[in-house]
Amino acid sequence: MIKPFKLPKEQREELVRGVQAYFENELDQTIGNLGAEQFLDFMIRELSPYLYNQALADARHVLAQKMASLEEELYSLEVPVRRGR
C-alpha cells in the first residue's frame, strides 16, 4: 500500500508555480495558489499508484539484469572437473 507523502515546502511551491505557469501558457487561464494546490493534490493522488508501480517494475527489471549478470560471473568461476583418467 502506498503511504501518503508530503512534499517539502520548497518542492511543493515550485510545483504549484509550474501548475500556474501551465494553466497560463497552455490554457490561457489564470489559476490562484489554492486552485493550483488542489489540482496538484488531485494529480498526485491519481498518478501516484501508476508511477509507484512503474518504478517497482523498473526496479525489478534492473534487479533481474543484475542477477543474470551475477549468475554469469559465478558460472565463470567454476573449476573444470576432470572425470576419470
Side-chain angles (χ1 to χ4, degrees):
M1 175 136 228
I2 299 176
K3 292 181 182 180
F5 67 95
K6 191 170 184 174
L7 291 168
K9 183 179 178 186
E10 297 78 24
Q11 289 178 355
R12 185 169 179 80
E13 289 171 353
E14 184 177 339
L15 288 169
V16 165
R17 286 192 299 273
V19 167
Q20 290 173 313
Y22 175 81
F23 270 75
E24 184 70 36
N25 297 330
E26 301 297 325
L27 304 175
D28 290 324
Q29 295 180 8
T30 301
I31 185 171
N33 279 358
L34 181 59
E37 287 180 12
Q38 290 174 338
F39 182 75
L40 178 60
D41 290 340
F42 169 77
M43 294 306 294
I44 289 172
R45 273 193 318 275
E46 293 297 312
L47 293 174
S48 289
Y50 297 101
L51 298 174
Y52 180 82
N53 290 342
Q54 184 61 52
L56 287 179
D58 292 347
R60 278 192 297 270
H61 179 72
V62 168
L63 185 57
Q65 288 179 324
K66 297 283 186 188
M67 290 301 292
S69 175
L70 183 57
E71 187 174 13
E72 289 174 18
E73 288 182 39
L74 288 172
Y75 277 117
S76 74
L77 296 174
E78 285 186 351
V79 175
V81 176
R82 294 178 61 183
R83 298 188 194 259
R85 290 197 164 171

E24, CD: over 12 other non-hydrogen atoms inside 6.0 angstrom: yes

Quick one: does [X]'s side chain get under 4.5 Å of [Y]'s, heavy atoms only?
X: R12; Y: K9; result: no
X: N33; Y: Q20; result: yes
X: T30; Y: F23; result: no

Treating Ile, Leu, Val, Met, Phe, Trp and Tyr as nodes and any side-chain heavy-atom pair under 4.5 angstrom as an edge, say whether V16 and L34 lie in one connected cluster. no

Under a 4.5 Å side-chain heavy-atom rule over Ile, Leu, Val, Met, Phe, Trp and Tyr, are M67 and V62 clustered together? no

Please test E14 against Q11 for side chain to side chain contact (heavy atoms under 4.5 Å, CB included), starting from the C-alpha separation and ending with a verdict. CA-CA 5 Å; E14 184 177 339; Q11 289 178 355; 5.5 Å; no

Atom [atom1] in [X], atom [atom2] in [Y]: separation rounded to 0.5 Å?
X: R45; Y: L40; atom1: CZ; atom2: CG; answer: 10.0 Å
X: L63; Y: R60; atom1: CG; atom2: CZ; answer: 10.0 Å
X: L70; Y: Q65; atom1: CG; atom2: CD; answer: 13.5 Å

Pairs involving residues 69-80, ordered by first then second residue, that meet side-chain hydrogen bond (donor to acceptor under 3.5 Å, both in side chains) (sequence neighbours left out): none

Could you check whether D58 and Q54, counting side-chain N and O atoms only, form a donor-acceptor pair closer than 3.5 Å? yes

Those residues at least two apart in sequence (or on a different chain) that pass side chain to side chain contact (heavy atoms under 4.5 Å, CB included) with P80 are none

Could you report the tightest heavy-atom contact between V19 and I31, atom names first, then the distance? O-CG2, 4.4 Å

